[in-house]
Structure formats: structure tokens, C-alpha cells
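Worksheet for the structure shown next.
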Amino acid sequence: LTCTGGSFSGTIDDVQIFKDDLTASEILTLYNNHNFSEGYTYKSYVFYNSSQSYWNTTLWHNSTIGLQTRNASSYNLSNGLVSLWSFNLNETGVNVTDETGLANGTWDNGGVNVTWNESNGYVGAGYGFSFSGDRISVGSYPYLDAKSFTIEFWFSKTTTFSNNILFILGNSTGNRVIGRSIVIWGINAANTLRVQAEGGASDCLVDYINVPNSRPIHYAVTFVSGGACTVYANGVLINSDASAGTFDSTNFDSNLYIGG
């Protein structure tokens, strides 16, 4: 896998990795649990369904509340949670806490151009990125030996995608990704969020097209070695792609990065 991307402009919150390919029901539960909490302000948004057309729904958004008390134990579906970067603390310029204790990160460029506040978050607070080159570097991530896993997070983009990287598990020099890797990035064509993975045998590629600006999106992608990668947006199945690749830490150049 080879791709060259740029920095991301938008928000990212509540990044989680599960050592299991969560079911459609579990992913929908995660999405619904995020959306409802005592004290949330009720707001209306427009989302895309699986056929990429508009449909109306609602979201309980945390614009008027303090930090949420959710932590790693809140998400321990099937005892499979590996990492949770909740971003509920302002850690710009310092280490970024993984609430499971396994994989704290640091900021490239010190995080000087990111913005932390509740408006940038969907479960408590979150971070806003601004094409700055600031990203969170976790370093080596050897925790996916189960060969089936799920990556999940909230995001919102502020402008049309232009090869903007949101997530990397692999070998990255700057914004260039080479070799056996997983990358989630926004490409120009049809305003598409693409997940692409190479696990040694063949690429897995799934596109989520027509991603709107300034809308909160709950994104999840599951991987099954020798099976498929499957993408969900706001709890709805988007698409799946079969792959004969082996998705585990020993088969990747497995450094992990969040943001761009």
C-alpha cells in the first residue's frame, strides 16, 4: 500500500480499538450509547444512510455539559477493548492518554495548532485539527494479534476532502504511507472517506462517499483476517470488501497515528 496525504481539517473524538470484529448490533449500540446521555442538548442533524442519500435523524450532542464520566470500562464490549483515547482532558502539548493504559501518545509539533474544547467533541470534549501537521503519534502498536479487530471514532470535517489523513496503522514518513498498513483518509473524488489496508496478500478498500461538511459522523471499520473489512457510518452498514490479507501487528509496520 502506498499513499501520500495531507493534514486533516476537522474534529476527531473518542478513538477506540477493539480486539474483535464487532457485530453490526454492537456497533449500533456504540453509536446509540454515544448519542444519549443525561444532560445532553437535543439537536437535529442530517445524516447519510447506506445508499448514500440523505435522511433525517436526531442526535443528543454534548454542547452544554461538562466532561463525561465514560471511561474504558464503559465500552468493554465482549471484553475486547484494547485502546480508548477519549480526549476528555486537555492534553495539547503533553502526552495523550489511552484510558486502558496501553498506548499513550505524544503530539507531533507539540500540538500547538490543535484546539481542545467540548464543541469539538461528541462524548465529552475533543480535538480540532486545522491542516497544521499536528497529529498524535502512539508509536509501536503490537496489540492486534487476534487478527480480527475494530477501529471506531467520531469525526467532522470542515471542508472538502483533499487527501487528508485521519488514522494510520503502519509505516509513515510525514504524510506518506508505504508498505503493509491501514490508512483512513479523505480523498477528493465524491468527498470520500476511504479505508485501505494491505495485509500481505491483497488490498482491502472500502469507500464512504458524499461525506458532508460540519456534520458529526460516527465511523467504524471492522477487519477479519482472510475475510473482509466492513465500514459503518452512524450505525449503518456502508459497504464491505473481501480480502485474503492477514491483519495483525506482526504483519504491519505497526506505528499508530491519529489526525494529520
Side-chain angles (χ1 to χ4, degrees), residues 5 7-22 26-27 30-31 33-35 62 67-68 70-77 80-92 94-108 111 114-118 120-129 134-141 143-144 149-157 164-170 172 181-186 193 195 197 208 211 216-223 229 231-235 249 252 254-260:
S7 299
F8 173 64
S9 178
T11 66
I12 300 176
D13 187 29
D14 217 50
V15 181
Q16 301 175 76
I17 297 178
F18 291 86
K19 198 174 183 177
D20 189 11
D21 56 309
L22 299 185
E26 288 175 320
I27 289 170
L30 271 177
Y31 168 65
N33 285 348
H34 284 164
N35 288 345
N62 61 340
L67 295 180
Q68 289 297 294
R70 289 196 179 98
N71 54 32
S73 62
S74 303
Y75 298 108
N76 200 15
L77 296 176
L81 182 67
V82 183
S83 290
L84 164 60
W85 299 275
S86 69
F87 305 151
N88 278 350
L89 297 175
N90 186 358
E91 296 180 309
T92 51
V94 296
N95 290 343
V96 181
T97 301
D98 172 4
E99 293 192 25
T100 70
L102 285 179
N104 295 336
T106 59
W107 289 98
D108 288 3
V114 300
T115 303
W116 177 89
N117 56 44
E118 289 185 7
N120 289 333
Y122 307 102
V123 183
Y127 285 109
F129 297 80
D134 284 307
R135 66 180 180 180
I136 299 166
S137 296
V138 173
S140 179
Y141 196 79
Y143 306 114
L144 298 179
F149 56 95
T150 300
I151 300 168
E152 178 272 341
F153 55 87
W154 283 89
F155 80 97
S156 175
K157 67 186 184 70
N164 312 117
I165 293 176
L166 283 75
F167 182 96
I168 299 170
L169 177 61
S172 172
S181 304
I182 294 171
V183 61
I184 301 172
W185 59 320
L193 186 63
V195 59
Y208 170 34
V211 179
I217 304 293
H218 178 264
Y219 182 88
V221 54
T222 66
F223 297 87
C229 53
V231 167
Y232 301 82
N234 298 322
S249 298
F252 288 119
S254 57
N255 291 315
L256 191 149
Y257 305 90
I258 301 168

Margin query: For the backbone of Ala103 and the side chain of Trp85, can you confirm whether one donor and one acceptor N or O come within less than 3.5 Å of each other?
Written below: yes

Check: Would you say Asp134's side chain and Gly111's backbone share a donor-acceptor pair under 3.5 angstrom?
Finding: yes

Margin query: Is there a side-chain contact between Ile136 and Trp107 in this structure, where contact means two heavy atoms from C-beta onward sitting under 4.5 Å apart?
Written below: yes

Check: How far apart are the C-alpha atoms of Val221 and Phe167, what are their side-chain angles, what is the distance that settles it, and do they pass the side-chain contact (heavy atoms from CB on, under 4.5 Å) test?
Finding: CA-CA 12 Å; Val221 54; Phe167 182 96; over 6 Å; no

Next item on the list: Indicate yes or no: at least one non-hydrogen side-chain atom of Ile12 is less than 4.5 angstrom from one of Phe129.
Entry: yes

Note to self: Donor-acceptor check, side chain of Ser83 to backbone of Ile17, threshold 3.5 angstrom: yes or no?
What the structure shows: no

Check: Mind checking whether Leu193 and Ile217 have side chains closer than 4.5 Å, heavy atoms only?
Finding: no

Margin query: Is it the case that the side chain of Asn120 and the backbone of Thr11 share a donor-acceptor pair, with hydrogens and angles ignored and the cut-off at 3.5 Å?
Written below: no

Item checked: Nearest non-hydrogen partners of Ala197 and Ile182, listed with the distance -> CB-CG1, 3.6 Å

Item checked: Exercise: identify the closest heavy-atom pair between Ile258 and Phe87 -> CG2-CZ, 4.4 Å

Notebook entry, point to check: Under 3.5 Å, is there a donor-acceptor pair between the side chain of Trp154 and the main chain of Gly121?
Noted result: no

Check: Do Tyr127 and Thr92 have side-chain atoms, one donor and one acceptor, less than 3.5 Å apart?
Finding: no

Item checked: Set of side-chain hydrogen bond (donor to acceptor under 3.5 Å, both in side chains) partners for Asn95, sequence neighbours left out -> none

Checklist line | Atom pair CD1/CH2 of Ile168 and Trp185 - distance to nearest 0.5 Å | finding: 10.5 Å

Notebook entry, point to check: Would you find a donor on one side and an acceptor on the other, under 3.5 Å apart, between the side chain of Asn255 and the backbone of Ser140?
Noted result: yes

Next item on the list: Taking side chain to side chain contact (heavy atoms under 4.5 Å, CB included) as the test, write out the residues that go with Ser137, two or more places apart.
Entry: Thr106, Asp108, Arg135, Tyr257

Check: Is there a side-chain contact between Phe223 and Ile151 (heavy atoms, below 4.5 Å)?
Finding: yes

Checklist line | Results of side-chain hydrogen bond (donor to acceptor under 3.5 Å, both in side chains) for Asn104 - residues two or more places apart only | finding: none

Checklist line | For Phe153, ring pair (Phe, Tyr, Trp, His ring centres under 6.0 Å) partners two or more places apart | finding: Tyr219

Next item on the list: Using side chain to side chain contact (heavy atoms under 4.5 Å, CB included) as the criterion, list what pairs up with Thr222, not counting sequence neighbours.
Entry: Asp21, Ile27, Thr150, Thr230, Tyr232

Item checked: Close side-chain approach of Val82 and Thr100, heavy atoms under 4.5 Å -> no

Next item on the list: Please name all residues satisfying side-chain hydrogen bond (donor to acceptor under 3.5 Å, both in side chains) with Thr97, sequence neighbours left out, ordered by chain then number.
Entry: Glu91

